[in-house]
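Basis for what follows: all heavy atoms, side chains included, without hydrogens, waters or symmetry-related copies. Numbering of residues begins at 1 and proceeds along the displayed sequence.
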Amino acid sequence: MRPDTPAAHTTEAERLLRTAAQYPGDREPLYLRAAAHLELAGDRPAATALYDELLSGEPANPLLIRALKAANLWEYGHEAEARAIIEGVRRARPADAAPWQITAETLEAHDELEAAEKTLTEAAELLATPPDLPHATQSLLTTRHRVRRMLALPHDTWDTRADALHAGDVPLDELHDPKRLWSLGSEDPAELQAEITRLRSELGTYRTALSRPFPVAVLHWPERELDELLTAYPELEAEYPTYRAHLTDIEASLRELSQAGTPNLGIVRATVPSYEAFAASESTKPSNADLLPQYATTLAARGRATAWPPARGADCWCGSGRIYGECHGGTEQD
């Protein structure tokens, strides 16, 4: 059950910080989740302190942390500092969508629509050129579409692409129509019913995202780890007959999930010590094959998942060093 009171959010933040102390390798994603709960609890200075603690080290995603810190600072009166951080993030030209999205939505939330549109356009030009876009980049185009509708700007190429990517029953032009606000005050039952239909469609998208805060993840055992696993627990050979078959099964499973419409897919890298510790925490034996999907879900919940499919031109998830499109991402897999 999700926390729904300030006290519950504070309690959840404290739990996440305790978990971070137990799993130092997962400190960054756990701290970010804790900071989000502190923001929801209204303790924004404490959230800023967590962001600063992460930035004082060598975080894996410094631009994401800076963008989140800026959004938080602006909410409790530190506008000038927030603006400076946002400008720094933009100049750094992040290679992933999340920092762009957060900075743009921060600007949008404070009625800086022109700056938000400029930020989103810069991001689109940098990230949205490949034919197959990850979910985060698609979301960025959708946000840009909404901001441009509020600015009454005509459709451009990126807006057309956002329309084409949108899978909802209600078109983006309707969802992002500024005049919809007026419909909520209408006394015409037909107008109100139409608006309810639009809101349900929009809510469905958010509900899907909220119901899955971490990816649906598939386990990947590196070859040495898999050899060690099967040596220690030969009962699992039925799950992993060969390393090559294991890699093929990963790609096939993810493609099947994608074709079924499952969003937010990922891969988590398994290790024998981590798996054995997880089995001990569940009071069961590592040889129990039913434990494997639970282990994958737990790793994903701890922020250990790598998004699938890899970005265009990125290395394959299998660790071969080859480009994904020339390895497991190819039509004919090796």
S.K.: Report yes if some heavy atom in the side chain of Gln294 is under 4.5 Å from a heavy atom in the side chain of Glu282; otherwise report no.
M.R.: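 Yes, their side chains come closer than 4.5 Å.
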S.K.: Return yes if a side-chain donor-acceptor contact under 3.5 Å exists between Glu225 and His220, otherwise no.
M.R.: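 Per modelled atom types, Glu225 and His220 side chains form no pair under 3.5 Å.
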S.K.: Would you indicate whether the side-chain heavy atoms of Arg66 and Pro99 approach each other to under 4.5 Å?
M.R.: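 With C-beta onward as the side chain, the pair stays apart.
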S.K.: Looking only at atom types and distance, does a side-chain atom of Thr248 sit under 3.5 Å from a main-chain N or O of Arg244, one as donor and one as acceptor?
M.R.: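 Yes, the answer is positive, given that a donor and an acceptor are paired below the 3.5 Å cut-off.
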S.K.: Is there side-chain contact between Glu12 and Leu40, with heavy atoms separated by less than 4.5 Å?
M.R.: no
S.K.: Are Gln101 and Thr143 close enough, and set up right, to give a side-chain contact (heavy atoms from CB on, under 4.5 Å), and what steps lead you there?
M.R.: CA-CA 8 Å; Gln101 181 91 13; Thr143 301; 2.6 Å; yes
S.K.: Test of understanding: clusters of I, L, V, M, F, W, Y form through side-chain heavy atoms closer than 4.5 Å, transitively. Do Leu165 and Leu265 belong to the same one?
M.R.: no
S.K.: Side-chain contact, heavy-atom cut-off 4.5 Å: Glu114 with Leu107?
M.R.: no
S.K.: After noting the C-alpha distance and the side-chain angles of Glu108 and Arg146, does the key distance pass the salt bridge (charged side-chain N to carboxylate O under 4.0 Å, His left out) rule?
M.R.: CA-CA 10 Å; Glu108 179 190 1; Arg146 180 181 69 242; 2.8 Å; yes
S.K.: May I ask you to check whether Glu276 and Tyr233 show a side-chain donor-acceptor distance below 3.5 Å?
M.R.: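 Short answer, yes.
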S.K.: Between the side chains of Arg148 and Asp156, is the shortest nitrogen-to-carboxylate-oxygen separation below 4.0 Å, so that they form an ion pair?
M.R.: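 Answer for the salt bridge query: yes.
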S.K.: Apply salt bridge (charged side-chain N to carboxylate O under 4.0 Å, His left out) to Asp52 and Lys69, showing your working.
M.R.: CA-CA 8 Å; Asp52 285 338; Lys69 178 183 175 181; 2.6 Å; yes
S.K.: Could you tell me whether Trp221 and Tyr275 have their ring centroids closer than 6.0 angstrom?
M.R.: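 Under 6.0 Å, so yes.
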S.K.: Any salt bridge between Glu53 and Arg27, counting N to O under 4.0 Å?
M.R.: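 Looking at Arg27 together with Glu53, the answer is yes, because their closest N to O distance falls below 4.0 Å.
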S.K.: If we only count heavy atoms from C-beta on, is the Glu112 to Lys118 side-chain gap below 4.5 Å?
M.R.: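 Not touching, per the 4.5 Å side-chain cut-off.
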S.K.: For Glu251 and Trp317, test the side chains for any donor-to-acceptor distance below 3.5 angstrom and give the result as yes or no.
M.R.: yes
S.K.: With rounding to the nearest 0.5 Å, note down the distance linking NE2 in His166 to CG in Leu141.
M.R.: 13.5 Å
S.K.: So Glu75 and His110, side-chain hydrogen bond (donor to acceptor under 3.5 Å, both in side chains) or not? Walk me through it.
M.R.: CA-CA 9 Å; Glu75 290 299 324; His110 295 279; 3.1 Å; yes
S.K.: Using side chain to side chain contact (heavy atoms under 4.5 Å, CB included) as the criterion, point out the one residue from Val268, Asp26, Ile267 that pairs with Leu299.
M.R.: Val268
S.K.: Measure the NE2-CZ distance between His176 and Arg149 for me, rounded to the nearest 0.5 Å.
M.R.: 9.0 Å
S.K.: Going by atom types only, do Asp173 and His145 share a side-chain donor-acceptor pair under 3.5 Å?
M.R.: yes
S.K.: Kindly give the heavy-atom pair with the smallest separation between Asp159 and Pro154, and that separation in Å.
M.R.: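 Where Asp159 meets Pro154 most closely, the heavy atoms are OD2-O, 3.8 Å.
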S.K.: Could you measure the distance from the NE2 atom of His246 to the CG atom of Leu226? Nearest 0.5 Å is fine.
M.R.: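 So the gap between those two atoms works out to 6.0 Å.
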S.K.: For the residue pair Ala36 and Tyr51, what are the closest heavy atoms and their distance?
M.R.: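 That would be N-OH, 4.5 Å.
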S.K.: Taking Thr142 for its side chain and Gln138 for its backbone only, find out whether a donor-acceptor pair lies under 3.5 Å.
M.R.: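 Yes; judged by distance alone, with no hydrogens or angles, the pair exists.
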S.K.: Taking it one step at a time, do Arg90 and Thr119 satisfy side-chain contact (heavy atoms from CB on, under 4.5 Å)?
M.R.: CA-CA 7 Å; Arg90 286 177 58 183; Thr119 299; 3.3 Å; yes
S.K.: Of all the heavy-atom pairs spanning Pro62 and Leu55, show the shortest one and how long it is.
M.R.: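 So the two residues come closest at O-CD2, 3.9 Å.
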S.K.: Please give me the minimum heavy-atom distance between Ala47 and Asn72, naming the atom from each residue.
M.R.: CB-ND2, 3.8 Å
S.K.: Do the side chains of Leu172 and Trp158 join up, straight or via other hydrophobic residues, at under 4.5 Å, putting them in one cluster?
M.R.: no
S.K.: Does a side-chain N-to-carboxylate-O contact under 4.0 Å join Glu122 and Arg93?
M.R.: no
S.K.: Going by atom types alone, do Thr10 and Glu14 pair a side-chain donor with an acceptor below 3.5 Å?
M.R.: no
S.K.: Please examine the side chains of Leu120 and Trp100, heavy atoms only from C-beta on, and report whether any two atoms are closer than 4.5 Å.
M.R.: no
S.K.: Does any N or O in the side chain of Thr48 come within less than 3.5 Å of the main-chain N or O of Arg44, such that one atom is a donor and the other an acceptor?
M.R.: yes
S.K.: Hey, could you give me the CD1/NE2 distance between Ile85 and His78, rounded to the nearest 0.5 Å?
M.R.: 10.5 Å
S.K.: Taking atom OG of Ser320 and atom NE2 of His328, what is their separation to the nearest 0.5 Å?
M.R.: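 It comes to 7.5 Å.
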S.K.: Do Leu113 and Leu153 share a hydrophobic cluster, counting only Ile, Leu, Val, Met, Phe, Trp and Tyr and linking them when any side-chain heavy atoms are less than 4.5 Å apart?
M.R.: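 In one cluster with Leu113: Leu153, yes.
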S.K.: Are Leu247 and Ile323 in one and the same hydrophobic cluster, where Ile, Leu, Val, Met, Phe, Trp and Tyr link if side-chain heavy atoms are under 4.5 Å apart?
M.R.: no
S.K.: Establish, from distance only, whether the side-chain atoms of Arg144 and Thr121 form a donor-acceptor pair under 3.5 Å.
M.R.: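 Side chains of Arg144 and Thr121: pair found under 3.5 Å.
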S.K.: Take Thr231 and Glu228 through the test side-chain contact (heavy atoms from CB on, under 4.5 Å) and record every step on the way to the result.
M.R.: CA-CA 5 Å; Thr231 299; Glu228 183 179 342; 5.7 Å; no
S.K.: Looking only at non-hydrogen atoms, find the nearest pair between Ala116 and Val147 and report the distance.
M.R.: CB-CG1, 4.3 Å
S.K.: Apply the side chain to side chain contact (heavy atoms under 4.5 Å, CB included) test between Leu32 and each candidate in Leu16, Leu50, Asn61, Leu54; give the one that qualifies.
M.R.: Leu54
S.K.: Does atom CD (Gln22) have a neighbourhood of more than 12 heavy atoms from anything else shown, all under 6.0 Å?
M.R.: yes
S.K.: Going from CG on Leu126 to OG1 on Thr137, what distance comes out if it is rounded to the nearest 0.5 angstrom?
M.R.: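 Here the rounded value is 9.5 Å.
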S.K.: Could you check whether Glu87 pairs with Arg83 (Lys NZ or Arg NE/NH1/NH2 to Asp/Glu carboxylate O, under 4.0 Å)?
M.R.: no
S.K.: Please tell me if the side chains of Tyr240 and Leu292 come closer than 4.5 Å, counting only heavy atoms from C-beta onward.
M.R.: yes
S.K.: Measure the shortest side-chain to side-chain distance between Val89 and Pro94 over non-hydrogen atoms and say whether it is less than 4.5 angstrom.
M.R.: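 Val89 reaches Pro94 side chain to side chain.
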S.K.: Please assess Phe278 against Thr298 for the test side-chain contact (heavy atoms from CB on, under 4.5 Å), listing each intermediate value before the final yes or no.
M.R.: CA-CA 9 Å; Phe278 178 71; Thr298 300; 3.3 Å; yes
S.K.: Cluster question for you: counting only ILVMFWY and a side-chain heavy-atom cut-off of under 4.5 Å, with indirect links fine, are Leu133 and Leu254 together?
M.R.: no
S.K.: Identify the two heavy atoms, one from Ile102 and one from Ala71, that lie closest to each other, and give their separation to 0.1 Å.
M.R.: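 Closest approach of Ile102 to Ala71, heavy atoms only: CG2-CB, 4.2 Å.
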S.K.: Would you please say whether a donor-acceptor pair under 3.5 Å links the side chains of His155 and Asp163?
M.R.: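 Note: His155 and Asp163 side chains meet the donor-acceptor criterion.
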